[in-house]
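What follows is a set of notes on a single structure, which appears directly below.
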Amino acid sequence: MTLRSTRTRYTLWAVLSAVVLLAVTACVKPLPPKEDPTIRGVVTEVTPNNRAQSGVILVVYHDSLGEMYELDAIAAGIDEQTELFDRNGGVIAFSDLNVRDVVDVWVSGPIAESYPPQGHAKAVRVIGTFDEIRPLPIPPGLVQP
């Protein structure tokens with residue numbers, strides 16, 4: 001075997017390995033976090049920003065949704081780093097989020113001590129739709145006396 005054929009074989013092996021690695025990593029799809037969400041609630045407002053696929057959603061807990069997690073409401077900021085999922089785990093866009101969506105929201109970083117609290121959504125998963133015949137929930141801290 002000559003030196004040239006050995007180099008060619010190693011080069012071919014390196015290129016083939018790179019192609020296989022690229023194909024495998026391209027097939028990995030993001031998944032919702034495994035830990036409990038910060039809040040499960042109903043989207044009551046969707047406010048897009050000027051930047052594409054970003055904005056804020058107001059999410060409010062409703063007792064019909066079962067267990068309350070850490071918060072009863074949040075104004076969750078969504079940007080390009082936020083992972084958005086449908087109920088089947090498929091990736092969606094900010095423009096796919098709607099008022100009355102029931103969502104799980106995972107917050108990363110600090111949460112502002114305002115009411116409703118404000119924070120950055122690390123991930124949002126739509127898990128259903130809030131019944132049309134019921135009025136949207138109001139954050140408890142914002143209920144008129």
Side-chain angles (χ1 to χ4, degrees), residues 6-145:
T6 303
R7 283 186 185 163
T8 303
R9 189 179 320 178
Y10 285 129
T11 303
L12 183 59
W13 181 83
V15 169
L16 183 60
S17 296
V19 168
V20 168
L21 182 63
L22 182 63
V24 168
T25 57
C27 293
V28 175
K29 83 177 197 180
L31 297 171
K34 295 198 183 300
E35 69 267 10
D36 285 341
T38 308
I39 182 172
R40 173 172 288 162
V42 180
V43 176
T44 60
E45 291 179 29
V46 177
T47 308
N49 287 346
N50 295 343
R51 295 178 291 148
Q53 297 305 315
S54 66
V56 176
I57 58 172
L58 179 60
V59 179
V60 180
Y61 170 77
H62 188 271
D63 58 4
S64 69
L65 302 176
E67 177 183 356
M68 185 169 87
Y69 292 99
E70 295 177 39
L71 301 173
D72 61 3
I74 191 165
I78 296 173
D79 61 17
E80 297 79 22
Q81 272 64 54
T82 305
E83 295 180 320
L84 303 171
F85 302 97
D86 64 16
R87 70 181 75 207
N88 299 318
V91 176
I92 61 173
F94 178 81
S95 57
D96 296 322
L97 296 173
N98 298 298
V99 170
R100 294 194 172 275
D101 283 346
V102 177
V103 296
D104 285 341
V105 179
W106 290 265
V107 177
S108 65
I111 298 175
E113 293 185 24
S114 57
Y115 198 84
Q118 300 172 32
H120 176 264
K122 170 176 68 173
V124 176
R125 179 179 58 197
V126 177
I127 61 171
T129 304
F130 196 65
D131 190 354
E132 287 282 337
I133 62 171
R134 291 190 282 182
L136 288 171
I138 298 170
L142 298 180
V143 173
Q144 299 294 328

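Because the structure is predicted, anything quoted here is derived from the model rather than measured. As a basis for the values below, the full set of heavy atoms in this structure was taken, side chains included, without hydrogen atoms, waters or symmetry mates.
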Worksheet item: Which heavy-atom pair separates Thr129 from Arg87 by the least distance, and what is that distance?
Response: OG1-NH2, 4.1 Å

Worksheet entry | Phe94 side chain reached by Ser54 side chain, heavy atoms, under 4.5 Å | no

Worksheet item: Side-chain contact, heavy-atom cut-off 4.5 Å: Val43 with Leu97?
Response: no

Discussion item. Test your reading of the model: is there a side-chain donor-acceptor pair from Arg125 to the backbone of Gly89, 3.5 Å cut-off?
Written reply: no

Fill in: pair Arg40-Val105: side-chain heavy atoms closer than 4.5 Å
no

Item to complete: Output yes when a side-chain donor or acceptor of Gln53 lies under 3.5 Å from a complementary backbone atom of Ser95, and no otherwise.
Response: yes

Item to complete: Mind checking the CD1-CD1 spacing from Ile74 to Ile39? Nearest 0.5 Å is all I need.
Response: 6.5 Å

Fill in: Thr82 side chain to Lys122 backbone, donor-acceptor under 3.5 Å
no

Worksheet item: About how many Å separate OH of Tyr69 and CG of Asp104, when rounded to the nearest 0.5 Å?
Response: 6.0 Å

Worksheet entry | Glu80 CD: over 12 foreign heavy atoms closer than 6.0 Å | yes

Worksheet item: Only one of Val59, Leu58, Leu65 forms a side-chain contact (heavy atoms from CB on, under 4.5 Å) with Val42, so which one is it?
Response: Leu65

Worksheet item: When you measure from the side chain of Asp79 to the backbone N and O of Gln81, does any donor-acceptor pair fall under 3.5 Å?
Response: yes

Worksheet item: Can you name the nearest heavy-atom pair linking Pro116 to Ala75, along with the distance?
Response: CB-N, 4.5 Å

Fill in: Within-4.5 Å side-chain heavy-atom neighbours: Ile78 and Val56
no

Discussion item. Would you say that Leu84 contacts Val91 through its side chain, given a criterion of any heavy-atom pair below 4.5 Å between the two side chains?
Written reply: no

Fill in: Straight-line distance of Asp131 CG to His62 NE2, nearest 0.5 Å
10.0 Å

Worksheet item: With a distance cut-off below 6.0 Å to the six-membered ring centre and an angular limit of 45° from the axis, does Arg134 pair with Phe130 as a cation-pi contact?
Response: yes

Discussion item. Could you report the tightest heavy-atom contact between Ile111 and Pro117, atom names first, then the distance?
Written reply: CG2-CB, 3.5 Å

Worksheet item: Is any side-chain heavy atom of Glu83 less than 4.5 Å from a side-chain heavy atom of Trp106?
Response: no

Fill in: Nearest heavy atoms of Tyr61 and Leu71, plus distance in Å
CB-O, 4.4 Å

Fill in: Short side-chain to backbone donor-acceptor contact, Asp101 and Val103, under 3.5 Å
no

Worksheet item: Of the non-hydrogen atoms in Val60 and Pro137, which two are nearest, and what is the gap between them?
Response: CG1-CB, 3.8 Å

Worksheet item: At what distance, to the nearest 0.5 angstrom, does CZ of Arg100 lie from CG of Leu136?
Response: 4.0 Å

